[in-house]
Amino acid sequence: RLIRIPAENALIPKSIASPSLVSQLMLDWNRMYLPLYRQESDPDRFGFSLSRQTMSNWILYVAQTHLRPVYEYLSMLLRDCRYQNCDETYFSVVLDERGPGAKSFIWVHRSGNLANIPQIVVYCYEKTRGADHLRNFYAGLLEMIYLTCDAYSAYPCFADESNGLIVLTGCFMHCRRRFVEAILILNLKGMTDEQILALPEAKAILLIREIYLAEGQLKDLSPEERLMRRKEEVLPKVNAFFEFIRSIDLNNPLLSEKLKDAVHYSLNQEIYLRRFLTDGSIPIDNGIAERCVKPVALYRRNSLICFSVKGAESMVTVFSLIETARANGADPFYYLKYLMEQMPKHLYDKGREYMPDLMPWSDVYRRYESTERLNLVKAQAPPGNEKPRTPKK
């Protein structure tokens with residue numbers, strides 16, 4: 001909820017005198033993906049005017065001055081992670097020095113959720129979808145990483161240039177999706193269940209289902225135990241899937257082009273799709289990165305565009321901190337409030353010694369959030385802070 005402030009205090013100076021006030025106005029959890037023009041009329045109900053230009057200036061200043069160093073530190077930590085996921089989606093920016101209708105892209109980088117490493121989500125704005133973004137993001141890479149992604153050509157192109165430092169792993173979700181698209185174009189009306197299950201499209205989907213059912217039983221195991229169980233339980237099902245699709249006669253004129261495309265995709269990606277069987281920390285698919293695309297898609301549906309490049313960069317900065325907090329079980333509201341209170345103290349610090357305490361998984365922040373929640377409970381408790389008694393039967 002927007003907090004009520006007098007009209008004469010509506011314009012907050014750049015010094016951010018009241019971080020909690022700015023965080024309440026800017027970062028309400030229920031409204032964070034709403035564009036500013038839809039929030040502009042809300043303050044009128046509280047007796048003061050707050051224009052979208054003012055709110056936009058707040059966000060741009062806070063994001064670029066106080067939040068950007070944390071974003072860059074998270075990016076540095078993510079590049080050092082051995083297991084990563086990556087995906088991208090389109091976005092529109094008006095003043096990007098290009099003609100009307102030009103598409104920009106938001107890239108999503110995320111640390112692997114199966115490895116015992118901090119969960120980090122980093123969004124990056126780029127004007128293009130080319131491999132140049134990957135070259136810039138991973139510039140100076142010294143150690144090998146496993147990158148789980150889809151079959152978009154920029155990834156293998158970049159991996160071929162990395163001298164073995166980038167090892168790609170495939171996504172069974174994309175593989176399954178193509179067989180689903182193949183079966184959806186068929187006319188199944190009048191067919192019995194047995195006839196439907198006998199279709200090659202359905203058989204392939206059921207075989208992938210068996211792979212996922214076996215893999216789903218291993219999600220709570222350690223990487224070492226998961227790798228051992230994968231070799232015993234998942235590998236035979238993966239072998240059965242590829243043996244089946246190799247048995248499909250692609251010269252059969254009765255097969256749809258969608259099915260042939262799905263088979264070609266699976267066979268071309270086999271080496272990448274099998275790679276999760278070699279390491280217990282590699283995921284079976286890229287679903288965790290695709291789910292991180294959802295906030296961008298939601299904001300794109302609500303706001304349609306960003307007006308400037310600086311606005312897009314501020315957007316990805318705030319989104320990265322919010323989604324990283326969520327991935328580590330922290331409350332995004334308290335985390336951003338915490339950063340707005342702490343970062344002005346380090347505005348002129350040149351080193352990064354203070355950064356570990358600003359991470360959402362740090363003990364310092366955990367204590368801060370617990371204290372804030374406790375203060376909220378006390379503020380809402382009855383007189384005397386008495387705990388309500390359980391009613392007798």
Side-chain angles (χ1 to χ4, degrees), residues 81-87 108-117 119 144-152 155-156 159 164 166-183 196-248 250 258-293 327:
C81 292
R82 184 175 177 84
Y83 305 95
Q84 300 181 30
N85 297 64
C86 188
D87 201 5
V108 182
H109 297 270
R110 197 195 193 286
S111 57
N113 63 321
L114 296 181
N116 297 321
I117 55 178
Q119 299 302 294
M144 185 192 74
I145 66 171
Y146 289 100
L147 184 62
T148 304
C149 55
D150 54 29
Y152 173 52
Y155 298 111
I166 302 293
V167 179
L168 300 183
T169 69
C171 175
F172 258 102
M173 282 177 52
H174 284 78
C175 178
R176 178 186 180 277
R177 193 174 298 159
R178 291 177 180 256
F179 286 102
V180 172
E181 292 173 354
I183 201 171
I196 294 176
L197 295 177
L199 295 172
E201 295 89 346
K203 287 184 177 180
I205 294 171
L206 290 177
L207 288 171
I208 296 176
R209 177 177 178 269
E210 293 299 320
I211 296 173
Y212 270 94
L213 288 176
E215 175 68 16
Q217 303 296 322
L218 314 179
K219 60 181 180 180
D220 297 326
L221 301 180
S222 66
E224 295 76 16
E225 294 174 327
R226 186 181 300 113
L227 177 60
M228 182 181 64
R229 294 276 297 275
R230 277 177 173 175
K231 291 181 178 179
E232 296 174 356
E233 303 172 16
V234 183
L235 177 58
K237 300 182 185 301
V238 174
N239 291 336
F241 168 72
F242 283 105
E243 288 174 6
F244 170 72
I245 62 173
R246 282 197 179 91
S247 68
I248 299 176
L250 298 182
K258 284 284 188 181
L259 176 58
K260 295 178 182 179
D261 174 73
V263 172
H264 284 304
Y265 176 90
S266 302
L267 295 177
N268 291 337
Q269 289 288 304
E270 181 176 3
I271 184 175
Y272 307 115
L273 292 172
R274 284 182 175 271
R275 196 156 276 163
F276 81 101
L277 298 169
T278 64
D279 193 313
S281 296
I282 299 176
I284 189 175
D285 57 39
N286 198 33
I288 193 168
E290 290 197 353
R291 287 188 288 274
C292 290
V293 171

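Count residues from 1 along the sequence.
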Mind checking whether Leu218 and Glu233 have side chains closer than 4.5 Å, heavy atoms only? yes
Could you check whether any side-chain heavy atom of Phe179 comes within less than 4.5 Å of a side-chain heavy atom of Pro200, counting everything from C-beta outward? no
Could you tell me the separation between the OG atom of Ser222 and the CG atom of Asn116, rounded to the nearest 0.5 Å? 8.0 Å
Are Phe276 and Val238 close enough, and set up right, to give a side chain to side chain contact (heavy atoms under 4.5 Å, CB included), and what steps lead you there? CA-CA 11 Å; Phe276 81 101; Val238 174; 4.2 Å; yes
CZ of Arg229 to CD of Gln217, rounded to nearest 0.5 Å, is 8.0 Å
For the student: nearest non-hydrogen atoms of Arg110 and Ala327, plus distance: NH2-CB, 3.3 Å
Going through the distances and angles, do His174 and Glu290 end up as a side chain to side chain contact (heavy atoms under 4.5 Å, CB included)? CA-CA 11 Å; His174 284 78; Glu290 290 197 353; 2.6 Å; yes
Using modelled atom types only, decide if a donor and an acceptor are shared between the side chain of Tyr212 and the backbone of Met173 within a distance under 3.5 Å. yes
Quick check: closest heavy atoms across Ala289 and Asp87, and the distance to 0.1 Å? CB-CB, 4.1 Å
Separation between SG (Cys175) and CG (Asp150), nearest 0.5 Å, reads 13.0 Å
Side chain to side chain contact (heavy atoms under 4.5 Å, CB included), paired with Cys149, selected from Leu168, Ile166, Asn85: Leu168
Quick one: closest heavy-atom pair of Ser266 and Leu273, and the distance? O-CD1, 4.0 Å
Decide if atom CD1 of Ile271 counts as having more than 12 heavy atoms of other residues, nucleotides or ligands within a radius under 6.0 Å. no
Check against side chain to side chain contact (heavy atoms under 4.5 Å, CB included), Phe172 and Phe241: CA-CA 11 Å; Phe172 258 102; Phe241 168 72; 4.1 Å; yes
Between Arg82 and Ile117, is there a side-chain heavy-atom distance shorter than 4.5 Å? no
State whether the side chain of Gln119 and the backbone N or O of Gly112 hold a donor-acceptor pair below 3.5 Å, judged by distance alone. yes
If you look only at pairs with a residue in residues 264-277, which of them pass as a salt bridge (charged side-chain N to carboxylate O under 4.0 Å, His left out), with sequence neighbours excluded? Arg246-Glu270, Glu270-Arg274
Within-4.5 Å side-chain heavy-atom neighbours: Ile282 and Leu114: no
Where is the tightest heavy-atom contact between Leu227 and Thr278, given as atom of each residue plus distance? CD1-C, 3.6 Å
Tell me the closest heavy-atom pair linking Cys81 and Ile145, and the distance in Å. O-CG2, 3.2 Å
Starting at CG of Leu213, measure out to CD1 of Ile208 and round the result to the nearest 0.5 Å. 12.0 Å
Minimum side-chain heavy-atom gap Thr148-Tyr272 below 4.5 Å: no
Looking at CG of Leu259 and CD1 of Ile248, how far apart are the two atoms once the value is rounded to the nearest 0.5 Å? 5.0 Å
Search all heavy atoms of Asn113 against all heavy atoms of Pro283 and return the closest pair with its distance. OD1-CB, 4.5 Å
Sorted by first residue and then second, give each salt bridge (charged side-chain N to carboxylate O under 4.0 Å, His left out) pair with at least one member in residues 198-219; sequence neighbours left out. Glu215-Arg230
Gap separating the CZ atom of Arg226 from the OG atom of Ser281, nearest 0.5 angstrom: 6.5 Å
Under the rule for side chain to side chain donor-acceptor pair (under 3.5 Å), what residues qualify as partners of Tyr265, not counting sequence neighbours? none
Report the relative orientation of the aromatic rings in Tyr83 and Tyr146; use parallel for angles under 30°, tilted for 30 to 60°, perpendicular for over 60°. parallel
